[in-house]
*Asks:* 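Sharing a structure, written as structure tokens. Questions coming.
Throughout, residue positions are numbered sequentially from 1 according to the sequence presented.
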Amino acid sequence: MNAMDPRPLYARATEQIAALVETVRPEQLAGPTPCTEYDVRTLLSHMVGGTLRIAVTGEGGDGLAVHPFAEGVGDDGWPAAYDDVRTRVLKAWADDARLDAPVRVPWGEAPGRNALAGYVMEAVTHTWDLSEALGRPLELDPELAGFALAIAHRVLPERERENDTELPFGSVVTTPEGADTYGQLAAHLGRRPLSRA
């Protein structure tokens with residue numbers, strides 16, 4: 001991971017999120033997501049707020065000082081809000097020097113490239129969360145899920161999570177039979193598909 005440039009994958013992940021956010025209908029905003037503490041509206045708020053965090057980090061600011069939820073976005077404003085922050089991230093991380101600069105992120109201090117790779121994992125995971133909540137309206141990019149899963153295995157091994165209540169990820173759950181790479185990622189991070197009875 002040290003020599004890898006995660007920016008192209010991050011850009012692709014944000015393009016995929018932007019396309020997915022465009023599909024959200026107003027009546028879906030109060031619906032459940034695999035993040036059991038979030039409905040769709042709250043998940044969108046977190047996706048926008050979390051993306052703003054990594055934008056501020058890339059700009060050399062304190063991303064941890066940014067509240068990881070967006071405030072004041074109207075129900076029809078999520079596509080524009082997400083597009084604005086993702087564009088800001090891409091601009092903030094355009095300078096190659098940012099990749100080796102140390103930055104503070106929720107999981108500690110890391111070189112910029114490692115921090116951004118961690119945010120690829122988060123973005124792709126929340127993409128699955130949102131896709132599940134919306135009934136899987138779009139085909140998702142399997143390469144992004146493969147990268148995110150490799151990062152998740154590296155930085156969130158199962159044995160180190162068992163007693164850590166600070167982590168925002170649950171214990172590994174059994175991967176559903178026939179799960180694609182997104183399903184494997186979700187299971188590794190303690191998520192289950194929504195029941196569609």
*Asks:* Using the test side chain to side chain donor-acceptor pair (under 3.5 Å), find all partners of Arg98 that sit at least two apart in sequence or belong to another chain.
*Replies:*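 Side chain to side chain donor-acceptor pair (under 3.5 Å) check on Arg98 returns nothing, list empty.
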*Asks:* Just to verify, what does Tyr119 make a ring-ring contact (aromatic ring centres under 6.0 Å, His included) with, not counting sequence neighbours?
*Replies:*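 Partners of Tyr119 under the ring-ring contact (aromatic ring centres under 6.0 Å, His included) test: Trp107.
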*Asks:* If we ignore hydrogens and angles and just use 3.5 Å, is the side chain of Thr33 paired with the main-chain N or O of Tyr38 as donor and acceptor?
*Replies:*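 Side chain of Thr33 to backbone of Tyr38, a donor-acceptor pair under 3.5 Å: yes, one is there.
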*Asks:* Would a 4.5 Å heavy-atom cut-off, applied to side chains only, mark Pro142 and Phe147 as touching?
*Replies:*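 No; the side chains remain at least 4.5 Å from each other.
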*Asks:* Do Trp78 and Val24 make a side-chain contact, defined as non-hydrogen atoms from C-beta onward lying under 4.5 Å apart?
*Replies:*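 No - every pair of side-chain heavy atoms lies 4.5 Å or more apart.
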*Asks:* Between Tyr182 (side chain only) and Asp141 (backbone N and O only), is there a donor and an acceptor less than 3.5 Å apart?
*Replies:*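 Yes; judged by distance alone, with no hydrogens or angles, the pair exists.
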*Asks:* Who pairs with Glu27 by side chain to side chain donor-acceptor pair (under 3.5 Å), at least two apart in sequence or on another chain?
*Replies:*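 Counting only residues at least two positions away or on another chain, Glu27 forms a side chain to side chain donor-acceptor pair (under 3.5 Å) with Arg25.
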*Asks:* Quick test of your reading: applying side chain to side chain donor-acceptor pair (under 3.5 Å), list the pairs with at least one residue in residues 46-57, sequence neighbours left out, ordered by first then second residue.
*Replies:*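 Sorted result for residues 46-57: His46-Glu122, His46-His126.
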*Asks:* Restricting to side chain to side chain contact (heavy atoms under 4.5 Å, CB included), what partner residues turn up for Asp39, sequence neighbours left out?
*Replies:*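 Counting only residues at least two positions away or on another chain, Asp39 forms a side chain to side chain contact (heavy atoms under 4.5 Å, CB included) with Arg41, Thr42.
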*Asks:* By the definition side-chain hydrogen bond (donor to acceptor under 3.5 Å, both in side chains), identify the one residue from Thr36, Thr125, Asp129 that meets it with Arg191.
*Replies:*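 Per the side-chain hydrogen bond (donor to acceptor under 3.5 Å, both in side chains) rule, the option paired with Arg191 is Asp129, out of Thr36, Thr125, Asp129.
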*Asks:* If we only count heavy atoms from C-beta on, is the Leu9 to Leu144 side-chain gap below 4.5 Å?
*Replies:*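 Answer yes - side chains close enough.
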*Asks:* Report the C-alpha distance between Arg113 and Asp5 in whole Å, list the side-chain angles of each, state the deciding distance to 0.1 Å, and finish with yes or no for salt bridge (Lys or Arg N to Asp or Glu O under 4.0 Å).
*Replies:* CA-CA 6 Å; Arg113 72 180 67 245; Asp5 182 350; 5.7 Å; no
*Asks:* Between atom CD of Gln16 and atom CG of Leu140, what is the distance when rounded to the nearest 0.5 Å?
*Replies:*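 If I round to the nearest 0.5 Å, the distance is 4.5 Å.
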*Asks:* Keeping to residues at least two apart or across chains, list the salt bridge (Lys or Arg N to Asp or Glu O under 4.0 Å) pairs with something in residues 56-69.
*Replies:*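 Matches after skipping sequence neighbours: Glu59-Arg88, Asp62-Arg104.
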